[in-house]
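One structure below.
Here is the naming used below: chain letters follow the sequence lines, and residue numbers restart at 1 for every chain. Bear in mind that the values here come from a model prediction, so they are computed numbers and not experimental data.
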Number of protein chains: 2
Amino acid sequence: MPSPIRSITTHDVARHAGVSQATVSLVLGGNPRARVAAATRERVLRSAEALGYRPNILARGLVRGRSYALGVLVPDLSNPFYLDVVTGVQRVAAEAGYVVLPGDTREVPAARHLEALRARQVDGLVLDGVGAASLPPDALSGTEVVLVDEPPERWPGVASGALEAGRLAAEHLLGLGHRRLAFIGPASDVHGFRMRERGFFRALRDAGVEPRSEWVRRTPPTIAGGQRAMRTLLASHDRPSGVFCANDLLAAGALKTALTAGLAVPGELSLVGCDDVELARVLTPELTTVAIPARELGARAARLLLRRLDDPAYAPRSDRPLPVKLVVRGTTGAAG
Amino acid sequence: MPSPIRSITTHDVARHAGVSQATVSLVLGGNPRARVAAATRERVLRSAEALGYRPNILARGLVRGRSYALGVLVPDLSNPFYLDVVTGVQRVAAEAGYVVLPGDTREVPAARHLEALRARQVDGLVLDGVGAASLPPDALSGTEVVLVDEPPERWPGVASGALEAGRLAAEHLLGLGHRRLAFIGPASDVHGFRMRERGFFRALRDAGVEPRSEWVRRTPPTIAGGQRAMRTLLASHDRPSGVFCANDLLAAGALKTALTAGLAVPGELSLVGCDDVELARVLTPELTTVAIPARELGARAARLLLRRLDDPAYAPRSDRPLPVKLVVRGTTGAAG
DNA sequence: CGTATTAGCTAATACGTATCAGCAAAGGAC
DNA sequence: GTCCTTTGCTGATACGTATTAGCTAATACG
C-alpha cells in the first residue's frame with residue numbers, strides 16, 4: 001500500500017463508506033451520543049480503519065475554538081523537580097488528548113513565553129514558580145490558568161505542603177540537637193519558596209531558637225548558588241551546625257562546597273534539602289531532604305485545568321496541600 | 001479597555017482599517033514581497049497594533065498545510081543530556097516560529113508517541129537515541145525526519161563525535177598507565193552508544209590492550225544501572241583499575257557504588273564518564289568526562305530539519321561530527 | 001488619443017472539521 | 001386514514017487564514 005501523499009480526511013472516509021461527510025464527523029468526531037444507526041456507524045468505522053484515517057486536530061480545533069494544547073511555564077526545566085511537575089501535567093494532558101508546550105524562564109522572560117503561547121491559542125496554562133502576581137495584568141486574560149504553589153487569589157491553584165516542608169526540616173535538625181541553624185534560599189519572591197522558609201523559621205521560633213540574620217543566605221536556587229552561599233557561610237568566624245536549603249540543587253551545591261572545604265558531613269555540618277530529586281540519592285553522603293510529590297502536583301494541576309476548561313465556573317473545593325515527607329539520609333547527624 | 005471575548009481576526013482589522021480581509025492578510029501574512037501601497041500597509045499595521053491582533057496559527061496552519069510544530073523524541077528527558085538536546089532544538093525552532101513537542105520513551109513506546117504527533121500534524125521530527133531503524137516502517141512516512149547520532153542511511157542526521165569520545169576516554173586512561181580497563185554501557189542497540197563503545201575498544205586494541213569480556217557490563221544507561229554494574233565489577237575477584245562509562249549517569253552511579261564500598265577514587269579506581277552534564281561537577285570528586293555539545297547538537301538538528309521543510313530535496317553536505325572534548329577532573333589518576 | 005501594462009486592491013474559494021437546520025422515512029396513537 | 005413524533009441522515013455553513021483570479025484606475029508608450 002503506497003503511503004498517502006495527502007492525509008485522509010473525513011471526505012475520503014465518507015466517499016468510501018457511501019455516506020456524507022457530516023455523518024462521518026458525527027461518528028468519528030466528538031459527540032458519542034450522536035444519533036447514528038448502528039449499521040452506518042459500523043460501516044464508517046470500518047472505512048476509517050481501512051483508509052487509516054486520523055483526525056486533523058488543527059481543523060477540529062479551529063471549529064471548536066480549541067487548540068488542545070496547554071502551556072506549562074516553570075523557572076528552570078533543568079531542575080528535575082520542575083521537570084517532574086511538567087511530566088505530571090503531560091501525562092494527564094495526554095490522556096485527555098491535549099499536548100503540552102513546556103517553557104522555562106531562564107533565558108526567555110515569562111511575558112514573552114506567554115505571548116507565544118497565546119499566539120498558539122493554548123487553551124490553558126499551568127504556572128509554577130514564575131511569580132504570576134508580577135506579570136503584566138492582561139498577559140493571562142482570555143486563558144484558563146492554574147497556579148502551582150502560589151496563593152490562589154486571582155486564579156485557582158494546587159499546592160504542596162511547603163509550610164510543612166520547612167517545619168519538618170527544622171524539627172528534624174532540632175531533634176538532632178542543632179540550635180545553630182542557617183537557611184539558604186532564593187531572594188526572588190516565589191511563594192512556594194517563601195512558604196518553605198516561613199515554615200522553617202516558624203518552627204525554630206516555636207522551639208525558642210532565634211534565627212541569626214547573617215545565617216540567612218539569599219542566592220539563586222541552583223547548584224552554583226548553593227556553592228556560593230555555603231562559601232560565605234563557611235567564611236564567617238562563627239559557623240552554623242545545621243543548614244536547611246530551600247531545594248535540593250542548593251543543597252547539592254552546599255554539600256559540594258562543604259566537602260571540598262574539608263568539612264565532615266554530617267560530623268561537623270548537617271544539611272537538609274527539599275524536593276527529593278534523584279540527585280539526592282547520588283550524592284555521597286546521600287542527602288537528607290523533604291520529599292515533594294512533584295509529579296502528582298503537576299498531575300493535579302492538569303486535572304484541575306482540564307476540569308475548568310469544560311466548566312469555567314468550576315471552583316475547586318479548596319484542596320488540602322499534597323502531603324510532604326521527611327526523608328532522612330546521610331547528611332544529617334547529631335549535633336556535636 | 002475590556003479584554004476581548006473573542007480574539008481579534010483579520011476581519012476585525014480589515015473593518016477597522018477600511019480595507020478587505022485579503023489585504024490585511026497580504027500585509028500581515030507570510031509574503032513580505034506582496035504588492036501593497038505603503039500608505040495602506042501602514043494603515044493596516046496601525047489598526048492591527050491598535051486592536052492587538054495576533055494571528056491564529058492554527059488557521060494559518062490549516063490553509064498552509066503546516067502545523068508549525070516539531071516533535072522531538074528522546075529516550076529519557078530526565079537525563080540532562082537529552083534535555084539539553086531538546087533545549088537546543090527548541091531555541092532554533094522558536095526563532096522560526098515553530099513550537100516543539102517533546103516526548104520520551106521511558107513509559108510510552110516511541111510508536112505511540114509518533115502516532116500522537118502525527119495526529120497533531122507535526123511538520124517534522126527529531127529523533128535521538130530511539131532506534132529509528134527498528135520502528136514500524138510507515139511510522140515516519142509523510143513527515144520530515146532528522147536523526148541525531150544515528151547512521152544517516154534512510155534519513156538525514158547530525159552527529160557528535162561519538163567514536164572520538166570513546167577514543168579520548170581510552171587514551172586518557174591509557175596515558176595514566178591503566179591497562180586493566182572496563183566498560184559500562186547499555187545493551188540496547190542505540191547507535192551513538194555503540195560508537196562510543198567502539199571508539200573505546202578500538203583505541204585499546206591500537207595500544208595493544210586486549211579487553212576482557214567480563215569487564216564489559218551491559219545495563220540500562222541510568223544512575224541505577226551504573227550502580228548495579230559497578231557492584232558486579234567490584235564483586236569479581238579481579239578488579240579493573242579504570243572504567244569508561246557510556247554516559248555520565250552511569251558514571252555517577254558507578255562512582256556512588258565505588259565510594260560506598262570504601263574504594264578510593266581515583267586512588268584505587270579511575271572513572272571516566274561521557275556527556276559532561278552539570279551533575280559531573282557536583283559529584284565529589286568531580287567527574288572526568290568527555291564533553292558532548294548537546295545543545296548545539298539539538299540546534300543543528302533543528303536547523304537541518306527546518307531547512308528540509310522548506311526544501312525537501314536539500315541534501316546536507318555530509319557534516320563533520322560536532323567536536324567533543326576530554327574534560328579531566330577528579331575521578332581519574334595515575335594507575336597504582 | 002488609443003492601447004498595453006502595471007499597481008493596488010477585493011471577491012471568492014479552500015484548508016478539514018463540527019454543527020445546525022431541515023428533510024424523508026418510519027413509526028405510533030387514535 | 002390523519003396527524004404527530006422520532007430516527008437517521010445530509011446540505012450548508014462556519015472557524016480564521018492564505019491565495020488566486022480578476023477588476024479598476026493609473027501610468028507608459030507609440
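Of the listed residues (D76(A), L297(A), V74(A)), just one forms a side-chain contact (heavy atoms from CB on, under 4.5 Å) with F81(A), and that residue is L297(A).
The separation between R35(B) atom CZ and dT24(D) atom P is 16 Å, rounded to whole Å. If you measure from atom NE2 of H11(B) to atom C1' of dT17(D), you get 8 Å, rounded to the nearest angstrom. Atom pair R60(A):CZ and dC15(C):P shows a separation of 19 Å (rounding to whole Å applied). Taking atom CD of Q121(A) as the reference point, atom P of dG16(D) lies 9 Å away to the nearest angstrom. Computed from coordinates, the L62(B) CG to dT17(D) C1' distance equals 8 Å when rounded to whole Å. The CG-C1' distance, from L26(B) to dG16(D), rounds to 15 Å in whole Å. What separates CZ of R15(A) from P of dT10(D) is a distance of 14 Å, to the nearest Å. Distance CG (D12(A)) to P (dT17(C)): 9 Å, rounded to an integer number of Å.
Between V63(B) and R43(B), the residue anchored closer to the 5' end of DNA chain C is R43(B), taking for each the nucleotide with the nearest heavy atom.
Of the nucleotides present, dG16(D) is the one that pairs with dC15(C) by Watson-Crick or G-U wobble criteria, both distances under 3.5 Å. In this structure, dC9(D) forms a base pair with dG22(C), meeting either the Watson-Crick or the G-U wobble geometry with both donor-acceptor distances under 3.5 Å.
An OP1 or OP2 oxygen of dT17(C) is reached within less than 4.0 angstrom by a side-chain nitrogen or oxygen of Y53(A).
T40(B) places a side-chain heavy atom less than 4.5 Å from the side chain of V19(B).
The residues E115(A) and R120(A) are annotated as not salt-bridged, no charged nitrogen and carboxylate oxygen being separated by less than 4.0 angstrom. A salt bridge does not link E95(B) with R91(B): none of the charged nitrogens is closer than 4.0 Å to a carboxylate oxygen.
Here dC9(D) is the nucleotide among dC9(D), dT19(C), dA12(C) with the atom lying nearest to any side-chain atom of V36(A).
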